[in-house]
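Below is one structure, written out as structure tokens, with a few remarks after it.
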Amino acid sequence: MDQPASERPVSAASAAEEQLTYDFRTAEPHWQRVWEEHGCFAVPDVPHDGRPKYYVLEMFPYPSGKIHMGHVRNYTLGDVLARYKRARGFTVLHPMGWDAFGLPAENAARERNIHPKQWTFENIAAMRSELKRMGFSIDWRREFATCEPSYYGHQQKLFLDFLRAGFVERRESWVNWDPVDNTVLANEQVIDGRGWRSGAPVERRKLAQWFLRITKFAPELLKALDELVRWPERVRVMQAKWIGYSEGARLRFALTKPEGSISEVEVFTTRPDTLFGMSFLALAPEHPLAALVAARDPNAAAFIAECQRLGTSEAVIETAEKRGYDTGLRVRHPFLPDQTFPVWIANFVLMEYGTGAIFGCPAHDQRDLEFARAYGLPVLPVVLPPGKDASEFVIGTEAYDGPGTMINSGFMNGLDVEAAKRAAIAELERLGIGKKEINWRLRDWGVSRQRYWGCPIPIIHCPQCGVVPVPEKDLPVLLPEDVRFDLPGNPLAHHPSWQDVACPHCGGPAKRETDTLDTFVDSSWYFARFCSPHANTPVDRAAVDFWLPVDQYIGGIEHAILHLLYSRFFTRAMRACGYLKIDEPFTGLFTQGMVTHESYRGADGRWLYPDEVERKPDGSLVHRQTGEPVTAGRVEAMSKSKRNTVDPDAIVARYGADTARWFILADNPPERDMEWTEAGVQGAHRFIQRLFRLAKSIAAQCPPDLAKPQTFSKEALNLRRTTHRTIVAVTQAIEDFGFNIAVARIHELANAIAEAERIRNVDEAAGLNWAKREAIETLTRLAAPMMPHLAEEMHALLCPGAGLLAEKEWPEAEAALAQPVTVTIAVQVMGRLRGTIEVPPGTDRAEVLAAAEAEPNVARQLAGKQIVKRIYVPDRIVNFVVSD
RNA sequence: GCGAGAGUGGCGGAACGGUAGACGCAGCCGACUCAAAAUCGGCCGACGCAAGUCGUGUGGGUUCGAAUCCCUCCUCUCGCACCA
């Protein structure tokens with residue numbers, strides 16, 4: 001079938017046939033246009049072409065305004081895989097969208113008086129065109145932004161379904177409150193316990209909020225980690241620890257005298273075996289008993305207020321100096337009713353975990369020990385480490401949390417730790433004051449945000465009927481656009497009319513919920529929406545059944561826990577509501593490293609952009625304009641504050657997208673942090689030009705219709721072997737995400753072709769032209785996923801009229817040529833390398849050992865010694881163990 | 001503080017428990033050039049004339065053999081639930 005002239009793939013360089021350099025400025029937009037016109041990367045919601053599916057997804061970007069190198073790296077990794085899988089015969093879904101709700105838009109509105117919607121969509125437009133210049137093989141027809149009602153309206157539907165299914169709950173919880181700005185602060189807006197704008201000390205405040213009951217799925221979320229074999233081990237470990245299954249005991253401590261209505265304190269512990277080592281009981285500052293004490297004791301109230309100024313961040317609370325307040329109350333020991341212990345309020349006890357109260361056993365818990373030392377509380381060891389003597393075992397500055405034998409522990413004496421745990425629980429149950437309990441560290445997911453730029457929670461509060469879901473016919477609940485950002489707090493809450501609504505039940509006046517959803521909700525199901533982005537339900541069942549799960553998900557390690565866990569929960573909740581049939585959203589996960597850059601400071605100590613710095617031939621750094629000396633700082637993650645950023649758009653303008661992509665892939669393994677360097681980019685660019693020259697030269701010498709020769713010279717055969725070995729190696733490297741290895745092998749093939757290019761001797765030239773063409777065409781296909789524009793250009797040069805490379809299949813290696821002809825065997829004497837021998841692969845042991853012993857240097861080392869043992873690892877190594 | 005990772009030439013890195021340093025960057029030497037750039041070729045862990053010795057953050061261990069497995073310590077990175 002002939003194509004219309006305007007669509008026929010044509011080398012962009014054909015107009016200037018004589019040019020020797022690759023003109024990426026013409027070629028890259030040209031091929032991007034051709035791919036677009038051919039719909040190379042578009043797939044239907046429900047394909048019926050019989051090909052296997054492959055869903056490649058990179059974490060979608062927040063539209064901050066410009067793409068950064070982290071994005072380029074992320075989407076390049078995904079694009080290599082998407083293009084590779086397409087060539088391997090898969091029908092590939094590779095979409096792109098925008099995680100478009102969130103705080104920065106609201107901050108921009110307050111600072112620059114621009115509406116969040118306008119700010120967001122302008123950013124999206126800018127970033128979309130930047131991404132398109134990178135040449136990613138994305139089905140852009142599927143693009144959406146989470147801030148569009150056509151996305152968040154469906155999310156509201158899911159929320160209502162979850163509510164009906166019992167996955168949503170309303171309860172009170174603590175937030176960071178800025179008493180000057182009268183607003184809720186995110187943890188990152190609390191700096192050293194103060195509001196980032198007002199500078200006022202923050203307070204913890206209790207608000208009624210919506211929660212998603214992720215804890216319902218805790219056992220399943222933990223267990224299913226075992227099946228995620230294509231996830232990095234460390235992510236699975238981190239999630240498992242985060243979910244935090246623990247077995248222990250819940251028990252009640254009786255107060256010696258009741259405080260108001262409270263006469264006992266409940267405690268969860270994983271160490272009931274250490275109860276005899278108890279030294280104190282500690283309450284979280286938010287504990288109800290602490291509040292009762294504070295009501296009559298101003299010092300307690302002051303201490304609690306002090307603790308609450310730390311904000312809600314666990315990291316801050318746990319790193320703060322351990323402090324406490326002795327309430328004067330005492331509790332009885334559960335096993336020794338005559339003994340009583342003080343009740344403290346402690347800043348490191350978390351209300352969210354367990355019961356918000358702990359018993360302290362300083363000898364066997366480091367935190368308790370530090371607390372006990374600070375306040376002079378007794379430290380009694382009850383677990384004796386193996387091999388220690390009870391009379392000499394003392395606790396210094398280190399608590400002992402290992403195994404051992406119980407001492408000082410009444411009826412548990414002599415038991416090991418595990419047996420003692422069982423014995424303690426049995427005794428608590430016998431006394432009727434406690435029981436065995438399984439506890440999870442995972443907490444329910446608080447999704448209420450007191451902010452404007454998010455998905456409105458579809459709930460109505462009626463003074464008569466209480467909490468009433470918005471009827472589905474009234475969805476979506478749209479965000480009003482006429483909001484003010486010059487007042488503190490949530491703009492939705494002081495909108496003059498938006499909240500006012502008739503109660504769907506009684507018809508009486510009611511108010512809309514003014515909280516919006518956490519933006520993590522938006523990103524917890526977008527991968528499902530991409531399967532059918534225009535469906536008038538959250539997902540189209542046939543589309544998600546076809547495409548999901550995502551076969552390969554790629555993003556930063558910083559999302560190892562929260563985003564990935566929330567998505568895993570959402571998938572299960574959607575399954576329960578009949579939207580999906582799968583349990584796990586992402587069967588493969590790859591976590592990339594950061595992009596870093598050297599940082600620079602000028603003479604005045606201010607941070608400088610890399611563009612402002614010039615490197616002199618002697619290696620010293622000076623300011624490009626002023627000539628003042630510049631000092632190089634650490635190599636660290638690119639950030640605006642350190643100004644160590646490189647703008648992808650500027651790189652694409654100067655070197656082209658393929659150069660940026662190639663450098664990113666070549667520099668180092670993708671899971672590790674990479675350092676962006678100008679020298680590295682230039683090296684990548686030189687290689688691209690070199691490949692172009694090779695292709696140009698071979699296209700001129702070796703016609704495309706060359707018949708396959710009967711015989712090949714040794715040199716030609718060597719080149720063919722390299723070609724076919726490279727196919728195997730590059731294929732394996734891509735499958736393993738070893739893109740830097742794939743790049744190295746492609747370099748080797750290019751070197752081999754260049755070497756063949758230098759052959760002028762006629763005897764050596766038999767079949768060489770054919771072999772050279774085979775090699776460069778193969779190289780073109782192997783490099784295509786990584787540098788798609790140049791590859792397309794080379795393909796057009798080498799195989800004019802043969803259609804688009806983007807639609808061509810992956811090369812197949814001929815097994816006979818990919819096998820090595822000889823192997824090098826290392827010969828060691830006593831584990832030290834003394835020589836090497838060359839043998840055909842599979843040579844038998846006796847023959848190899850004889851050759852090894854005969855190797856001159858080895859023979860010299862063996863002279864006068866007895867060979868005690870001969871070790872032979874086939875095709876690899878010989879080791880002689882000798883004695884004098 | 002708690003949890004999880006990482007560390008190999010001047011630099012990025014390669015290496016099923018089996019020749020440490022593939023490939024690239026930088027550097028040095030040479031070819032081409034009036035010259036420079038570009039390009040092409042060669043050299044390139046340290047010490048040593050050599051044989052060889054040392055060498056994968058530190059210190060130990062397992063093994064015929066350890067960058068790789070185990071333990072100790074150091075440094076850096078990520079996460080800690082309202083940044084995304």
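Below, each value reflects all heavy atoms present in this structure, side chains not excepted, and no hydrogens, waters or symmetry copies. Naming convention: chains lettered A, B, ... in sequence-line order (proteins, then strands); numbering from 1 in each chain.
Checking B:rC80, B:rC25, B:rG5 against every side-chain atom of A:Trp242, the shortest atom distance belongs to B:rC80. With B:rG52, B:rA38, B:rU19 as the choices, the nucleotide that has an atom nearest any side-chain atom of A:Arg686 turns out to be B:rA38. Ranking B:rC80, B:rC82, B:rG12 by closeness to the A:Asn668 side chain, first place goes to B:rG12. With B:rA22, B:rA14, B:rG1 as the choices, the nucleotide that has an atom nearest any side-chain atom of A:Ala744 turns out to be B:rA22. Of all nucleotides listed (B:rG24, B:rC82, B:rA15), B:rA15 comes nearest to the side chain of A:Ile741. For A:Ala679, the listed nucleotide lying nearest its side chain is B:rC25; candidates were B:rC78, B:rA84, B:rC25. Here the nucleotide nearest the side chain of A:Arg690, chosen from B:rC80, B:rC40, B:rC25, is B:rC40. Of the candidates B:rA81, B:rG79, B:rG13, the closest approach to any side-chain atom of A:Glu558 belongs to B:rG79. Each of B:rG18, B:rC80, B:rC82 was ranked by its minimum atom distance to the side chain of A:Asn187; first place goes to B:rC82. Among the nucleotides B:rG52, B:rC2, B:rG3, the one closest to the side chain of A:Gln861 is B:rG52.
Put simply, A:Asn857 has a side-chain N or O that comes within less than 4.0 Å of OP1 or OP2 on B:rG52. Dashed line: the shortest gap from a side-chain N or O of A:Arg832 to OP1 or OP2 of B:rC64 is not under 4.0 Å. At B:rA84, one or more side-chain N or O atoms of A:Thr519 fall inside 4.0 Å of OP1 or OP2 (strictly under the cut-off). Considering only side-chain N and O atoms, A:Arg672 lies nowhere under 4.0 angstrom from the phosphate OP1 or OP2 of B:rA6. A sub-4.0 Å separation between OP1 or OP2 of B:rG3 and a side-chain N or O of A:Arg236 is absent. Contact annotation: A:Asn740 does not reach the phosphate of B:rC23 (side-chain N/O to OP1 or OP2, under 4.0 Å). OP1 or OP2 of B:rC82 has at least one side-chain nitrogen or oxygen of A:Arg449 nearer than 4.0 Å.
At a threshold of 4.0 angstrom between heavy atoms, the contacts of A:Val235 with the nucleic acid are absent. When heavy atoms are screened at a 4.0 angstrom cut-off, A:Thr824 is found touching base atoms of the nucleic acid. Counting non-hydrogen atoms under 4.0 angstrom, A:Val873 reaches a base of the nucleic acid. Across all strands, A:Glu675 comes closer than 4.0 Å to no nucleic acid atom at all (heavy-atom distances). Counting any heavy atom pair closer than 4.0 Å across all strands shown, A:Gly680 reaches no nucleic acid atom. Among the protein residues, A:Leu442 comes within range of the nucleic acid bases, having at least one heavy atom under 4.0 Å from a base atom.
Between A:Arg832 and A:Gln861, the side chains place no donor N or O within less than 3.5 Å of an acceptor N or O (distance only, hydrogens not considered).
Along RNA chain B, the nucleotide nearest to A:Ile825 and the one nearest to A:Arg876 differ in position, and the one closer to the 5' end is contacted by A:Arg876.
Using the Watson-Crick or G-U wobble rule with both distances under 3.5 Å, B:rA51 pairs with nothing in any strand shown. Pair check for B:rC73 finds B:rG57; Watson-Crick or G-U wobble, both atom distances under 3.5 Å. Across all strands shown, B:rG1 is found opposite B:rC80 as a Watson-Crick or G-U wobble partner, with both distances under 3.5 Å. Remark: B:rU33 base-pairs with no nucleotide; criterion is Watson-Crick or G-U wobble with both hydrogen-bond distances under 3.5 Å. Of the nucleotides present, none pairs with B:rA66 by Watson-Crick or G-U wobble criteria with both distances under 3.5 Å. Nucleotide B:rG27 forms a pair with B:rC43, judged by Watson-Crick or G-U wobble geometry with both contacts under 3.5 Å.
Atoms CH2 (A:Trp676) and C1' (B:rC25) sit 14 Å apart, rounded to a whole Å. Separating the CD atom of A:Gln592 from the P atom of B:rU77 is a distance of 18 Å, rounded to the nearest angstrom. As rounded to whole Å, 13 Å separates atom P of B:rC82 from atom CD1 of A:Ile561. The CD-C1' distance, from A:Glu352 to B:rC2, rounds to 15 Å in whole Å. Look at CG on A:Asp178: it is 14 Å from C1' on B:rC82, rounded to the nearest Å.
Scanning atom types as modelled, one donor and one acceptor separated by under 3.5 angstrom connect the side chain of A:Gln450 and the base of B:rC82. For A:Arg870 against B:rC64, no side-chain N or O and base N or O form a donor-acceptor pair under 3.5 Å. A donor-acceptor contact under 3.5 Å links the side chain of A:Gln209 to the base of B:rC82. For A:Asn879 and B:rC64, a side-chain-to-base donor-acceptor distance below 3.5 Å is present, hydrogens and geometry of angles not being considered.
A:Arg870 has a carboxylate O that lies under 4.0 Å from a charged side-chain N of A:Glu853, or vice versa, which qualifies the two as a salt bridge. A salt bridge links A:Arg367 to A:Glu318: one of the charged nitrogens lies within less than 4.0 Å of a carboxylate oxygen. At a threshold of 4.0 Å, the pair A:Arg443-A:Glu314 counts as salt-bridged, since one of the basic side-chain nitrogens sits closer than that to a carboxylate oxygen.
Within a 6.0 Å radius of CD in A:Glu755, no more than 12 heavy atoms belonging to other residues, nucleotides or ligands are found. Under a cut-off of 6.0 angstrom, the local environment of CD in A:Glu111 is crowded, with over 12 non-hydrogen atoms contributed by other residues, nucleotides or ligands. The number of heavy-atom neighbours closer than 6.0 Å to CG of A:Asp192, taken from other residues, nucleotides and ligands shown, is 12 or below.
Note on ring orientation: taking the six-membered ring where Trp is involved, the planes of A:Tyr152 and A:Phe101 are tilted (angle from 30° to 60°).
Comparing B:rU8 with B:rU63, their P atoms are spaced 28 Å from each other, to the whole Å. Nucleotides B:rA81 and B:rC16 have their P atoms positioned 39 Å apart, rounded to a whole Å. Atom name C1', nucleotides B:rU56 and B:rA67: the rounded distance is 5 Å, in whole Å. As rounded to the nearest Å, B:rC25 and B:rU75 have P atoms that lie 35 Å from one another. The same atom, P, is picked in B:rA66 and in B:rG21; the two are 16 Å apart, to the nearest Å. The gap from the P atom of B:rC43 to that of B:rG24 amounts to 12 Å, rounded to the nearest Å. Taking atom C1' in both B:rG10 and B:rG60, one finds a spacing of 31 Å when rounded to whole Å. If you take atom P in B:rG9 and the same atom in B:rU68, they sit 14 Å apart, rounded to whole Å.
Within the 4.5 Å cutoff, the side chain of A:Ile698 has heavy atoms near those of the A:Ile753 side chain. Taking 4.5 Å as the limit, some side-chain heavy atom of A:Gln209 sits within range of a side-chain heavy atom of A:Gln450.
For B:rG9, the base adopts the syn conformation, since its glycosidic angle falls within 90 degrees of zero.
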